[in-house]
Amino acid sequence: MPEGHTLHRLARLHQRRYAGSAVEVTSPQGRFPAAEVDGRVLLRAEAHGKHLFHVYGPDATVHVHLGLYGTFTEHPHPVTEPVGQVRMRVVGPTHWTDLRGPTRCEVLTDGEVAALRGRLGPDPLRRDARPGLVFARVAASRRSIGVLLMDQAVIAGVGNVYRAEVLFRHGLHPLTPGHRVDRALWDAIWADLVLLMRDGVKVGRIDTVRPEHLPAATGRAPREDRHGGEVYVYRRTGLPCLVCGTPVAMAVLAARNLYWCPVCQPE
DNA sequence: GATCTATGTAGAT
DNA sequence: TCTACCTAGATCG
């Protein structure tokens, strides 16, 4: 679930369901200090990159990072007994939500929130994002574009799926050094990330394949990936590239699986 | 039922 | 570069 689009989608949902109301906040599992915000009015829910914030007031913001496994479930009333390890439960006027398995779930002061957000790069899903700041970092770097796109301090919210797919869509090999990416190419990549990630927020999954760009004669059609979307290369190791038919390559880079088409994305 | 894998990150080495 | 964290779905037998 969790690349940036998931968190923005959750923020939007939580804003609609819970903001403006006093909510009951508990930690059935006991590993989250829920009493600090229990019974208070949720003022606002927002996301920056893969981080979710529930703002209750000055120095009272719940910060959630889902990590690899974290999930929220959402239900209408009535409220039922917790099942399994529930880190945080939020009960609003009409609905309630359970959080399981997050990497982080904690109450932060405004200073701590500012420090955290200061460590995050621009987020393609935020209107206040400045893509030029990202380009400056990319253009000055000898690290590969594949590594830079995953560095949350450079650009926030991109994960392994969006990385693989956006590089494919621009014919860029993941190991291309950042300083080889020119401004026009970067602007196109950023615009594409905005498009893809906004679509992800809207539909709740990652779809990146443009059917009109597939060779009609081959009869190749995108298959739904296990993550629920339609993609060109992510987790398609050894399968024929949807555009040229070459087997999709895979390698491990900085402890993450990297996927690309050796022909459509030449080194 | 056991085992494997993952859309992530921090901290140790 | 490695390990721990911690959960669920897919896959294996």
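Numbers restart at 1 for each chain; the letters A, B, ... are given by sequence-line order, proteins then strands.
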Legend entry - A:R256 side chain near B:dG8 phosphate (N/O to OP1/OP2, under 4.0 Å): yes
Legend entry - Phosphate OP1/OP2 of B:dA6 contacted by A:N257 side-chain N/O (<4.0 Å): yes
Inset, instruction - Measure the spacing between CG of A:L193 and CG of A:L149 and express it to the nearest 0.5 Å. - result: 6.5 Å
Legend entry - Position toward the 5' end of DNA chain B (nearest nucleotide), A:A254 or A:Y69: A:Y69
Inset, instruction - Report yes if the distance between the aromatic ring centroids of A:H5 and A:Y162 is under 6.0 Å, otherwise no. - result: yes
Legend entry - Atom-pair distance (CD on A:Q29; P on C:dT7), nearest Å: 6 Å
Inset, instruction - Using atom CG of A:L99 as one end and atom P of C:dA8 as the other, report the distance to the nearest whole Å. - result: 11 Å
Inset, instruction - For C:dA8 and B:dA10, measure between their P atoms and round to the nearest Å. - result: 23 Å
Inset, instruction - Check the distance between B:dA10's C1' and A:L66's CG and give it to me in whole angstrom. - result: 16 Å
Inset, instruction - Take A:F53 and A:L116 through the test side-chain contact (heavy atoms from CB on, under 4.5 Å) and record every step on the way to the result. - result: CA-CA 11 Å; A:F53 301 97; A:L116 179 91; 3.4 Å; yes
Inset, instruction - Using the C1' atoms only, state how far B:dT7 lies from C:dT1, rounded to an integer number of Å. - result: 22 Å
Inset, instruction - Would you please confirm or rule out a distance under 4.0 Å between OP1 or OP2 of B:dT9 and any side-chain N or O of A:H65? - result: yes
Inset, instruction - Using a 4.0 Å heavy-atom cut-off across all strands, classify A:R119 as base, sugar-phosphate, or nothing. - result: nothing
Legend entry - Distance test, side-chain N/O of A:K50 to OP1/OP2 of B:dT9, below 4.0 Å: yes
Inset, instruction - Round to the nearest Å and state the distance from A:H48 atom NE2 to B:dG8 atom P. - result: 16 Å
Inset, instruction - In whole angstrom, give the distance that lies between atom NE2 of A:H51 and atom P of B:dA10. - result: 7 Å
Legend entry - Watson-Crick or G-U wobble mate for C:dG9, both contacts under 3.5 Å: B:dC4
Legend entry - Closest to side chain of A:E3, choosing from B:dT7, B:dA6, C:dA8: B:dT7
Legend entry - Partner nucleotide of C:dA4 by Watson-Crick or wobble geometry (both distances under 3.5 Å): B:dT9
Inset, instruction - Determine whether A:C241 and A:Y232 make a side-chain contact, defined as any pair of heavy atoms from C-beta on separated by less than 4.5 Å. - result: no
Legend entry - Interatomic distance where CG belongs to A:L116 and C1' belongs to B:dT9 [whole Å]: 12 Å
Inset, instruction - Tell me which nucleotide among B:dT9, B:dG8, B:dT5 gets nearest to the side chain of A:R235. - result: B:dT5
Legend entry - Atom-pair distance (NE2 on A:H63; C1' on B:dG8), nearest Å: 12 Å
Legend entry - Aromatic centroids of A:H77 and A:H95 separated by under 6.0 Å: no
Legend entry - A:M250/A:R235 under side-chain contact (heavy atoms from CB on, under 4.5 Å): CA gap, chis, key distance, verdict: CA-CA 8 Å; A:M250 194 272 272; A:R235 279 179 53 93; over 6 Å; no
Legend entry - Among C:dA8, B:dT7, C:dC6, the one nearest A:L68 by side-chain distance: B:dT7
Inset, instruction - To the nearest Å, give me how far apart OH (A:Y162) and C1' (B:dT7) are. - result: 9 Å
Inset, instruction - Please measure how far the P atom in C:dT3 lies from the corresponding atom in B:dT5, and state the result in whole Å. - result: 15 Å
